[in-house]
Amino acid sequence: QVQLVESGGGLVQAGGSLKLSCQASGSIFSINAMGWYRQRPGKQRELVAHITNGGKINCADSVEGRFTISRDNDKNRVYLQMNSLNFEDTAVYYCNAYSLNPFHDYWGRGTQVTVSS
């Protein structure tokens, strides 16, 4: 079992920055990849960025150049640095991790990010 706890959300003005953190605990060695998803009001949950155990990073086109995902393996944490925030970034941001053999998908409870004009 893996537990994920997000932190760092809040209210920020347009153009500002926030850094989200996700702390993983439990069966850490079973995790193959970690990432961030978000759910904007009235929209489906979408991938923001993810990073594999080998360090391969993918991110959504909507955040390319503005958001950066990173991982601290020693501390079992994944981060999402968000810069140049705009109102469309307002969402609940969820930390995600998955393992294989067998497949398991883990989710944090989410943290609210609200961007004001």
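Side-chain atoms are counted along with the backbone in the values below, which use heavy atoms only and exclude waters and symmetry mates.
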Looking at every heavy atom in both [X] and [Y], which two are closest together, and how far apart are they?
X	Y	result
A14	S117	CB-CA, 4.4 Å
Y98	D105	CB-OD1, 3.9 Å
Y94	G110	CD2-CA, 3.6 Å

Can you tell me how far [atom2] of [Y] sits from [atom1] of [X], rounded to the nearest 0.5 angstrom?
X	Y	atom1	atom2	answer
F87	S116	CZ	OG	12.5 Å
H50	K56	NE2	NZ	8.0 Å
N76	Q3	CG	CD	12.0 Å
H104	N32	NE2	CG	11.0 Å

- Step-by-step side chain to side chain contact (heavy atoms under 4.5 Å, CB included) determination, S62 to R38: CA-CA 12 Å; S62 60; R38 69 184 181 185; 3.6 Å; yes

Please check this pair: side chain of [X] against backbone of [Y], looking for a donor-acceptor N/O pair closer than 3.5 Å.
X	Y	answer
Q81	S17	no
E6	R109	yes
T90	V115	yes
S27	V2	no
Q39	A91	no

- Begin from the C-alpha positions of Y106 and Q1 and carry the test side chain to side chain contact (heavy atoms under 4.5 Å, CB included) through to its verdict. CA-CA 9 Å; Y106 304 97; Q1 185 68 28; 4.0 Å; yes

- What residues form a side-chain hydrogen bond (donor to acceptor under 3.5 Å, both in side chains) with R40, not counting sequence neighbours? E46

- Note on the structure: Contacts of R66 meeting salt bridge (Lys or Arg N to Asp or Glu O under 4.0 Å) (sequence neighbours excluded), chain-then-number -> D89

- Could you walk me through whether M82 and V12 pass the side chain to side chain contact (heavy atoms under 4.5 Å, CB included) check? CA-CA 11 Å; M82 304 185 294; V12 64; over 6 Å; no

- Query: Hey, does F67 have a side-chain heavy atom less than 4.5 Å from the side chain of I69?
  - Reply: no

- Item | Side chains of N53 and R71 in contact at under 4.5 Å (non-hydrogen atoms) | yes

- Query: Counting only heavy atoms not in F103, do more than 12 sit closer than 6.0 Å to its CZ atom?
  - Reply: yes

Assigning hydrophobic clusters by single linkage (Ile, Leu, Val, Met, Phe, Trp, Tyr; side-chain heavy-atom cutoff under 4.5 Å), is [X] placed with [Y]?
X	Y	answer
I57	V48	yes
L20	L85	yes
L80	I51	yes

- List the steps and the verdict of side chain to side chain contact (heavy atoms under 4.5 Å, CB included) for I31 and S99. CA-CA 5 Å; I31 296 175; S99 61; 5.5 Å; no

- Side chains of T114 and Q112: do they bring a donor and an acceptor to under 3.5 Å? yes

- Message: Here's a test for you: under side chain to side chain contact (heavy atoms under 4.5 Å, CB included), which of N96, L47, V78, V63 qualifies with W36?
- Response: V78

- Provide the full list of salt bridge (charged side-chain N to carboxylate O under 4.0 Å, His left out) pairs with a residue in residues 77-86, sequence neighbours left out, each pair given once. none

